A.B. asks: 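One structure follows; several queries about it will come next.
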Amino acid sequence: MDGTAEGGQDTQGAVRARDAQYIDGRWRPAAGGGRIDVVDPVTEKVIGQVPAGTAEDVDTAVRAARAALPGWAATPPAERAAVLGAVRDLMVARRAEIAATVTAELGAPPAFATAVHTDMPTAVMGSFAAIAAAYTFEEQVGNSRVFQEPVGVVGAITPWNYPLHQVVAKAAPALAAGCTVVLKPAEDTPLVAQLFAAILDEAGLPAGVFNLVTGLGPVAGQALAEHPGVDLVSFTGSTAVGRQIGATAGAAVKRVALELGGKSANVILPGADLARAVNVGIANVFANSGQTCSAWTRMLVDAARYDEAVELAVTAAAKYVPGERLGPVVNAKQRERVRGYIRRGVAEGGRIVAGGPEAPDGMDTGYFVRPTVFADVAPGTTIAQEEIFGPVVVLMKYEDEADALRIANGTVYGLAGAVWGADEAAAVAFARRMDTGQVDINGGRFNPLAPFGGYKQSGVGRELGVHGLAEYLQTKSLQF
Ligand code: NDP
């Protein structure tokens with residue numbers, strides 16, 4: 001059925017907020033009376049309310065997921081794939097609605113909301129429909145028959161930065177594997193998660209296979225991570241919360257996948273096409289207002305071409321006009337956090353060459369931050385080490401390749417990165433020495449089938465493609 005709440009008034013219009021939890025195949029009233037305001041980051045106006053779920057809601061959802069598990073796990077992979085294919089088709093059909101919802105709750109400019117926030121998760125959903133249909137869930141190894149079986153009930157906890165992509169990157173492989181799911185989306189962006197639940201419902205996913213509990217992290221999120229009926233917790237968000245979830249899962253000897261922060265390096269080797277490397281690098285950082293875990297927030301340039309790179313970066317940054325190409329950050333707390341980092345960068349000796357901590361001219365409303373470029377940043381300083389999660393890039397100078405590698409690898413993170421070089425083989429050799437999970441060579445395109453995930457404190461496990469599917473499978477062997 002479609003998402004009509006049984007327990008309250010829904011917001012109607014282009015963007016819809018449902019005053020209900022999606023559990024066991026229907027929208028039902030939340031156990032508690034608490035509500036979360038959903039705010040448009042451009043207007044700062046409340047655009048809807050969703051339930052602040054409680055441990056009771058989580059428990060009901062986990063029970064529904066457990067009850068649905070045997071049936072879904074036993075459903076032939078081709079049938080599971082067919083449902084995911086139907087979901088993908090509905091995402092295509094409801095493209096405008098999805099994009100409008102992400103624009104409303106995240107503030108993403110409409111073109112970006114469509115091309116990235118909508119089309120990327122739609123492609124990912126399609127990729128898992130194809131993978132589920134073709135995957136070898138059973139093979140003969142010598143005298144053994146080896147089976148890939150679903151891990152069980154998945155507790156998925158997602159952040160706001162790519163609100164639908166983060167959900168699909170967990171739900172699609174989990175469902176493809178035969179797992180059932182309880183999702184706790186970010187409190188700032190629950191509406192597209194509700195829309196996604198309505199789409200799964202419309203696609204005919206059996207009751208209880210996917211469940212949605214909106215709520216606050218320390219309440220609903222923690223209850224989900226701690227629930228004994230959850231077999232695997234998949235979390236994307238801050239390293240601080242990820243560490244806590246990892247510890248909880250470890251104590252219960254429960255599978256865990258963590259996709260955490262990043263401070264990725266964009267390494268421009270001598271001889272690279274500097275203008276292209278800088279332009280693509282700036283676009284990479286300022287996309288989504290800098291709220292991308294894999295953003296190349298540290299640009300490393302050789303000393304001989306450093307000044308030229310700074311000039312190019314300033315010119316490129318000027319194109320990111322707040323309120324036009326550059327959207328706001330998600331909420332007031334993030335805006336203050338990002339501005340605080342900019343002030344700290346100045347205090348620690350960084351030179352602002354574009355942007356700054358003040359509000360953009362004439363923009364009193366909206367959680368906007370000026371696109372900010374720092375030059376002369378020392379590698380050990382706070383803004384060169386910590387994830388800022390806003391439109392801020394630091395340019396650093398290196399003396400030789402060994403110096404560049406030392407700086408590139410000199411943070412606790414290792415999620416992504418880029419290498420630019422005239423000699424592709426040399427760029428690849430450099431990338432192989434980077435302690436990071438994913439590197440784009442000379443502007444290589446995003447690949448929804450490539451494994452995505454972190455080295456070091458950027459996380460545990462991989463998302464997307466067959467590697468992403470494997471996270472949700474466990475192996476059994478029968479000997480004959
Ligand atoms: P969090 O890590 O707090 O939030 C991510 C998700 O975890 C949300 O659904 C959140 O709920 C939930 N959560 C929060 N606390 C708990 C808990 N104790 N137990 C279980 N779940 C919990 O990130 P923030 O939104 O606070 O962002 C802070 C910083 O984290 C950013 O500035 C950025 O540096 C980093 N971050 C990294 C992301 C990435 O993609 N790697 C994504 C988002 C943030 P709720 O929404 O209610 O808080």
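One-based numbering, in listed order, for ligands and for the atoms of each. A quick note: this is a predicted structure, and the numbers were derived from the prediction, not measured.
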A.B. asks: Give the residue and atom name of whichever protein heavy atom lies nearest to atom 5 (C) of ligand 1, and the separation in Å to one decimal.
C.D. replies: T236 O, 3.7 Å
A.B. asks: Check whether any side-chain heavy atom of Q244 lies under 4.5 Å from a side-chain heavy atom of Q222, and answer yes or no.
C.D. replies: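 Answer yes - side chains close enough.
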A.B. asks: Students should be able to answer this: which protein heavy-atom is nearest to atom 13 (N) of ligand 1, and at what distance?
C.D. replies: G217 CA, 3.3 Å
A.B. asks: For R370, is there an ion pair with E358 - N to carboxylate O distance below 4.0 angstrom?
C.D. replies: yes
A.B. asks: Classify the contact between T158 and ligand 1 as side chain, backbone, both or neither, using a heavy-atom distance cut-off of under 4.0 Å.
C.D. replies: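 Looking at T158 and ligand 1, just backbone atoms fall under 4.0 Å.
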A.B. asks: Could you check whether T248 and K254, counting side-chain N and O atoms only, form a donor-acceptor pair closer than 3.5 Å?
C.D. replies: no
A.B. asks: N/O to N/O below 3.5 Å, does that happen between D188 and ligand 1?
C.D. replies: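 Not met; the criterion fails.
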A.B. asks: Side chain or backbone of Q334 under 4.0 Å from ligand 1, or both, or neither, by non-hydrogen atoms?
C.D. replies: side chain
A.B. asks: Under the criterion side chain to side chain contact (heavy atoms under 4.5 Å, CB included), which of V167, V168, T189 is the partner of T158?
C.D. replies: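 By the side chain to side chain contact (heavy atoms under 4.5 Å, CB included) criterion, T158 pairs with just one of V167, V168, T189: V167.
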A.B. asks: With a cutoff of 4.0 Å, is K333 in contact with ligand 1, counting heavy atoms of the residue only?
C.D. replies: no
A.B. asks: Is any NZ, NE, NH1 or NH2 atom of the basic residue among D19 and R35 found under 4.0 Å from an Asp or Glu carboxylate oxygen of the other?
C.D. replies: yes
A.B. asks: To check your reading of the model: name the closest protein heavy atom to atom 34 (O) of ligand 1, its residue, and the distance in Å.
C.D. replies: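 That would be E387 OE1, 2.9 Å.
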A.B. asks: Establish, yes or no, whether a centroid distance under 6.0 Å links the rings of F210 and F196.
C.D. replies: yes
A.B. asks: List every atom of ligand 1 that sits less than 4.0 Å from any heavy atom of Q222, numbering the atoms from 1 in the order shown and giving each element.
C.D. replies: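 Selected atoms, number and element: 18 (N), 19 (N), 20 (C).
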A.B. asks: Could you list which atoms of ligand 1 come closer than 4.0 Å to a heavy atom of Q244?
C.D. replies: 18 (N)
A.B. asks: So if I count the atoms of ligand 1 from 1 in the order they appear, which ones are less than 4.0 Å from some heavy atom of G221?
C.D. replies: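 Selected atoms, number and element: 19 (N), 20 (C), 21 (N).
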A.B. asks: Taking 4.0 angstrom as the limit and counting only heavy atoms of P159, give me the atoms of ligand 1 inside it, by number and element.
C.D. replies: 42 (C), 43 (C)
A.B. asks: Starting from atom 25 (O) of ligand 1, what is the nearest protein heavy atom, named by residue and atom, and what distance separates them?
C.D. replies: W160 NE1, 2.7 Å
A.B. asks: Among all protein non-hydrogen atoms, which one is nearest to atom 3 (O) of ligand 1, and what is the separation to 0.1 Å?
C.D. replies: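 Among all protein heavy atoms, the one nearest atom 3 (O) of ligand 1 is V241 CG2, 3.6 Å.
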A.B. asks: Please check if any side-chain donor atom of Q457 sits under 3.5 Å from a side-chain acceptor atom of R243, or the reverse.
C.D. replies: yes
A.B. asks: Give the numbers and elements of all ligand 1 atoms closer than 4.0 Å to a heavy atom of L260.
C.D. replies: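 This gives 41 (N) as the contact atoms.
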A.B. asks: For ligand 1, which atoms sit closer than 4.0 Å to a heavy atom of L216?
C.D. replies: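 Answer, ordered by atom number: 47 (O).
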A.B. asks: What protein heavy atom lies closest to atom 39 (C) of ligand 1? Include the residue and the distance to one decimal.
C.D. replies: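 Closest protein heavy atom to atom 39 (C) of ligand 1: C293 CB, 3.5 Å.
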A.B. asks: Which of the atoms of ligand 1 are close to I245, meaning less than 4.0 Å from one of its heavy atoms?
C.D. replies: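 This gives 20 (C) as the contact atoms.
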A.B. asks: Quick one: which of R337, E386, H165, K184 has a heavy atom closest to atom 32 (O) of ligand 1?
C.D. replies: R337
A.B. asks: Is I383 close to I388 at the side-chain level, that is, under 4.5 Å between some pair of heavy atoms?
C.D. replies: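 Heavy-atom side-chain distance check passes, below 4.5 Å.
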A.B. asks: May I ask whether F235 places a heavy atom under 4.0 Å from ligand 1?
C.D. replies: yes
A.B. asks: If you measure from the Lys or Arg side-chain nitrogens to the Asp or Glu carboxylate oxygens, is any gap between K263 and E386 under 4.0 Å?
C.D. replies: no
A.B. asks: Check whether any side-chain N or O of S458 sits under 3.5 Å from a backbone N or O of G261 as a donor-acceptor pair, and report yes or no.
C.D. replies: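 Yes; at least one donor-acceptor contact below 3.5 Å.
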A.B. asks: Return a yes/no value: protein heavy atom under 4.0 Å from atom 48 (O) of ligand 1?
C.D. replies: yes
A.B. asks: Output yes when a side-chain donor or acceptor of D24 lies under 3.5 Å from a complementary backbone atom of V209, and no otherwise.
C.D. replies: no
A.B. asks: Does the gap between the ring centers of F430 and W420 come in under 6.0 Å?
C.D. replies: no
A.B. asks: Given G459, G290, S238, identify the one with the heavy atom nearest to atom 30 (O) of ligand 1.
C.D. replies: S238
A.B. asks: Do N211 and Y22 have side-chain atoms, one donor and one acceptor, less than 3.5 Å apart?
C.D. replies: no
A.B. asks: State whether a side-chain donor-acceptor pair under 3.5 Å links E348 with T382.
C.D. replies: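 Yes - a donor-acceptor pair under 3.5 Å links their side chains.
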A.B. asks: Which of the atoms of ligand 1 are close to A186, meaning less than 4.0 Å from one of its heavy atoms?
C.D. replies: 9 (O), 46 (O)
A.B. asks: Which residue and atom name correspond to the protein heavy atom nearest atom 45 (P) of ligand 1, and how close is it?
C.D. replies: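 The protein heavy atom lying closest is E187 OE1, 3.2 Å.
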A.B. asks: In the protein, what heavy atom is nearest to atom 38 (C) of ligand 1, and what distance, to one decimal place, separates them?
C.D. replies: F389 CZ, 3.5 Å
